[in-house]
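Heads up: the structure comes next, in structure tokens.
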Amino acid sequence: MPGMTGYDLLKRVKETSALKEIPVVIMSSENVPNRIQRCLEEGAKEFIMKPVKLTDVERLKLHISSPQMSCHVDQSSKLCNKRKFASEGCETQNTGRRTRPSGLTVVA
């Protein structure tokens, strides 16, 4: 990413109240233990080494289906409004419909 490292992006996401609950997964081809530890301490849910393996994808599914990750449901249309969800600080509302995650941030 030009102009910003994955670690910098992680810090910005976790410092933003509307985004801080979104699980962040760091992906890298560099196996540097102190960088991995620093990302996890800063709030990354996972640190995955490239190339990605099937077992890594299985670990990601745990974060995608997290109950805290749903979208804002517009009461008039009963549809998911991701922009409103992000702007209102990640509210979770359950209307009985299957909810989808608002996003999973993956930094490669």
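Hydrogens, waters and symmetry mates play no part in the numbers below; they use all other heavy atoms, side chains included.
Between Leu40 and Phe47 the shortest heavy-atom distance is CD2-N, 4.2 Å. The two atoms that bring Pro23 and Lys45 nearest to each other are CB-CG, 3.6 Å, heavy atoms only.
With Lys14 contributing its side chain and Leu9 its backbone, the two residues share no donor-acceptor pair below 3.5 Å.
Judged as a side-chain hydrogen bond (donor to acceptor under 3.5 Å, both in side chains), and not counting sequence neighbours, the contacts of Arg59 are Glu46, Asp56. With sequence neighbours excluded, no residue satisfies side-chain hydrogen bond (donor to acceptor under 3.5 Å, both in side chains) with Glu15. Every residue two or more places apart in sequence or in another chain was checked for a salt bridge (Lys or Arg N to Asp or Glu O under 4.0 Å) with Glu41, and none qualifies. Taking Arg35 as the reference, Glu30, Val32 meet the side chain to side chain contact (heavy atoms under 4.5 Å, CB included) condition, with sequence neighbours excluded.
Using a 4.5 Å heavy-atom threshold, the side chains of Lys20 and Val13 count as separate. The closest side-chain heavy-atom distance from Ile48 to Ile26 is not below 4.5 Å. Here the side chains of Asp8 and Leu10 are not in contact, with every heavy-atom distance at 4.5 Å or above.
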**Q.** Step-by-step side-chain contact (heavy atoms from CB on, under 4.5 Å) determination, Val24 to Leu19
**A.** CA-CA 10 Å; Val24 177; Leu19 303 176; over 6 Å; no

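If you take CE on Met4 and NZ on Lys11, they are separated by 11.0 Å, rounding to the nearest 0.5 Å.
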